Amino acid sequence: MLKTHNPYNYEYINTYLEIHILGGIKFTNLERMRVTLSIQKPKSVNVLRHSIDLYNDNMIEKFVRKIAERIEIGTTVVRTTLQELTTALEHYRIEELDKENEANQASLHILSAKELRAAEAFLKRKDLLKNTNDLIGQSGVIGEETNRLLMYLIFTSRKTNNPLHCISLGSSGVGKTHLQSKVAELIPDEDKIEITVLSANAFYYFNRTELQHKLILIEDLDGAESVLYPLRELQSKKKITKTVVHKDKKGTTKTIHLTVEGPVSVSGCTTQESIYEDNSNRSFLLYIDESAEQDKKIMHYQRLLSAGKINNDDEFIAARFLRDVQRILKPIKVINPYAEYLSLPESVFKPRRTNSHYLQFIEAVTFYCQYQRERKYDEQTGEEYIETTTQDIQAANELIKETLLRKSDEITGACRNYLEELKKYLHQNTQTTFTALEIRRRLKVKKTTQWRYHQQLQDNYYIKKQRKKKGETSIKYEITNPNEYKELEQQITKALQECITNIDRSGVPECSTPKTEQPIKTKRAS
């Protein structure tokens, strides 16, 4: 007798009464059944409208007498009808919630046996990181070869107990958000949460374990300033707690604690490096490639896309396959037996946190290569684990070199990009001096932006003013040491190579790599 075809006006009609549930019912707060009812005798114009909680017995008894008096009907009939209506609404709400749960479970992609074998075979192949990077390119990420693989591995670390975080930095319109969103497409939907705008307290109202091992994507850090503090706490402490006042069913005021547990992996984009220093200290800083070569790659891709010469199906297949690869990675402990032989270059700023990031990134590389590592067990606890190899360390060193180089730089990333473009221009034109106007026109930099860069470069003695000669009207500058960045890069490369040399000298045995398992042959059924 309950009709719910109109979600805003349910109908319940029997021989004695015609009842309309105005506005439907809520599917939250299952301990209540708050409804607005319109009650009348069939084909009657005498209507009673009233809001009531059908689970409140005292209110129901008063309501029964009111209905009986207003529309002139027996209380027994009214009471029985309301009980039947409550039962019908109860069953309907439970059925709808069950359907919703089934729909959510159906959205989780379960790999077929063929997909599972293909993903496992891929993870057991040689040159796994190179093959992965190639697939990322096939999925539609143009250029950014180092950044895209670095970001993919950082996103993969969400499944570990010590996830990594990253912030993409670059000028407006260079593709920070595009890179993040394209790499995020390679992560299963059930493992990520995308945020555009979020209120300050929203994080505290997730279920206790709802965020565990999730990837949190922030399109623009400028639009999420209110949640940066709880995010930093989730990154550092892997748990956030908020104390609020709450009234129980009896009306008693109590203090309760809202706790949301991590760990989580966080990724965001911004143009303002200095503003988010507290967040950047906890993250890998990925500077977007703003070179002319990268511009050419992207514009060539855009032309092919416009001409219909890009196969979108191939991109989709590559992305879907990498999502399948992510799904079969199992949480497992990683031990790095070579950790005590690893050290950072002395030039790196804030070495304590950077050293932690360096070791965690090596573990992330090992974690991704778990199908190529021998499973071992702790003799005391029986816990399963895998060990880092020197190949993992070498691969991590190659990928992290640029990040360590930026961490060792005294100037901001945007200022460094300006300085390197300036050096390139002077080298091409065999110049040693330059004027601000000349460079501003050549590199297309705003006057105020260039002024900030020059202030920073002069403060750190990267450039200096020349004394004016007679007849000169404009100030000339010169670079104090054109090779300083290459020297810093060589210093970092040397320090990382020394780590590998120290491991080789230590005599620590290399971890064995298991052979690729052969598929089990089964007899055909007769």
Side-chain angles (χ1 to χ4, degrees), residues 120 122-133 149-150 152-165 213 238 263 265 282 284 325-326 328-346 348 350-404 407 491-517:
E120 287 182 354
F122 177 79
L123 286 171
K124 291 176 181 177
R125 287 169 59 185
K126 285 185 177 182
D127 298 325
L128 174 60
L129 294 182
K130 181 183 179 300
N131 292 330
T132 300
N133 205 354
L149 182 57
L150 195 57
Y152 180 79
L153 291 171
I154 289 170
F155 290 177
T156 302
S157 72
R158 76 192 182 282
K159 290 194 167 189
T160 67
N161 290 326
N162 294 303
L164 297 166
H165 320 279
H213 302 291
K238 302 176 185 176
S265 177
R282 294 167 170 82
F284 280 77
V325 168
Q326 287 285 319
I328 69 168
L329 292 172
K330 302 293 189 297
I332 189 169
K333 183 178 179 180
V334 176
I335 292 179
N336 184 354
Y338 310 107
E340 59 185 308
Y341 303 102
L342 302 175
S343 59
L344 290 176
E346 294 180 0
V348 172
K350 299 181 181 177
R352 297 181 184 181
R353 184 160 271 169
T354 305
N355 184 60
S356 175
H357 289 165
Y358 175 47
L359 295 174
Q360 287 173 26
F361 184 70
I362 293 172
E363 291 177 13
V365 173
T366 305
F367 176 81
Y368 187 61
C369 299
Q370 60 181 253
Y371 279 81
Q372 300 182 21
R373 302 290 173 262
E374 181 184 359
R375 302 292 174 115
K376 298 186 177 183
Y377 298 89
D378 190 299
E379 293 180 357
Q380 295 181 345
T381 64
E383 184 180 15
E384 188 180 37
Y385 67 91
I386 55 177
E387 289 186 346
T388 296
T389 66
T390 52
Q391 287 88 350
D392 296 336
I393 297 172
Q394 287 173 332
N397 286 351
E398 199 60 37
L399 287 170
I400 209 174
K401 191 187 301 180
E402 179 66 23
T403 301
L404 292 179
K407 289 268 187 183
Q491 181 185 345
I492 290 173
T493 303
K494 182 180 177 182
L496 294 176
Q497 186 55 47
E498 283 178 355
C499 293
I500 303 297
T501 305
N502 291 337
I503 292 171
D504 293 338
R505 288 175 182 169
S506 68
V508 179
E510 180 62 86
C511 307
S512 59
T513 303
K515 295 180 180 178
T516 304
E517 294 181 5

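As the structure is a computational prediction, the values presented were derived from the model and not from experiment.
Atom OG of Ser343 is separated from atom CG of Asn502 by 7.0 Å, given to the nearest 0.5 angstrom. Put simply, CG on Leu399 and CG on Leu150 are 6.0 Å apart, with the number rounded to the nearest 0.5 Å. We find the CD-NZ distance between Gln370 and Lys333 to be 15.5 Å, quoted to the nearest 0.5 Å. Atom OG1 of residue Thr501 and atom CD of residue Glu498 lie 7.0 Å apart, to the nearest 0.5 angstrom. For the atom pair CG of Leu496 and CD1 of Ile400, the computed distance is 8.0 Å after rounding to the nearest 0.5 Å. In this structure, the separation between OG on Ser265 and CZ on Phe155 is 6.5 Å, given to the nearest 0.5 Å.
Ring centroids of His165 and Phe284 are separated by 6.0 Å or more, keeping the two rings apart. A distance of 6.0 Å or more separates the ring centres of Tyr371 and Phe122.
Side-chain contact between Ile500 and Asn397 is present, with at least one heavy-atom pair separated by less than 4.5 Å. Between Thr389 and Thr366 there is no side-chain heavy-atom pair separated by less than 4.5 Å. Phe367 is not listed as a side-chain neighbour of Leu153, based on a closest heavy-atom distance of 4.5 Å or more. Put simply, the side chain of Asn336 reaches to within 4.5 Å of the side chain of Ile393, judged on heavy atoms.
A side-chain donor-acceptor contact under 3.5 Å links Asn131 to the backbone of Asp127. For the pair Lys376 (side chain) and Glu374 (backbone), a donor-acceptor distance under 3.5 Å is absent. A donor-acceptor pair is defined here as one N or O able to donate and one able to accept, closer than 3.5 Å; no such pair exists between the side chain of Glu384 and the backbone of Ile332. Using modelled atom types, one side-chain atom of Lys159 and one backbone atom of Gln326 make a donor-acceptor pair closer than 3.5 Å.
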Apply the test side-chain contact (heavy atoms from CB on, under 4.5 Å) to residues Phe361 and Thr403: give CA-CA distance (whole Å), side-chain angles for both, the deciding distance (0.1 Å), then the verdict.
-> CA-CA 11 Å; Phe361 184 70; Thr403 301; over 6 Å; no
Are Asp392 and Arg373 close enough, and set up right, to give a salt bridge (Lys or Arg N to Asp or Glu O under 4.0 Å), and what steps lead you there?
-> CA-CA 11 Å; Asp392 296 336; Arg373 302 290 173 262; 2.6 Å; yes
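Among the candidates Leu329, Thr132, Leu164, the single residue satisfying the side-chain contact (heavy atoms from CB on, under 4.5 Å) test with Thr156 is Leu329.
Checking Lys238 against Asn161 by side-chain atom types alone, no donor-acceptor pair falls below 3.5 Å. Using modelled atom types, one finds no donor on one side chain facing an acceptor on the other under 3.5 Å when comparing Tyr338 with Glu387. Checking Ser356 against Gln360 by side-chain atom types alone, a donor-acceptor pair falls below 3.5 Å.
Taking both residues in full, the closest heavy atoms of Ala396 and Ile362 are given as CB-CG1, 3.7 Å, listed atom of the first, atom of the second, then distance. Residues Ser157 and Ile154 come closest through the heavy atom pair OG-O, 2.5 Å. The heavy-atom pair separating Leu359 from Ala339 by the smallest distance is CD2-CB, 4.3 Å. Shown here for Thr388 and Pro337, the closest heavy-atom pair between the two residues is O-CD, 3.7 Å. When every heavy atom of Gln372 is checked against every heavy atom of Leu128, the shortest pair comes out as NE2-CB, 3.7 Å. Gln380 and Asp378 get closest at one heavy-atom pair: N-OD1, 2.8 Å.
For NZ of Lys126, the number of neighbouring non-hydrogen atoms (other residues, nucleotides, ligands) closer than 6.0 Å is 12 at most.
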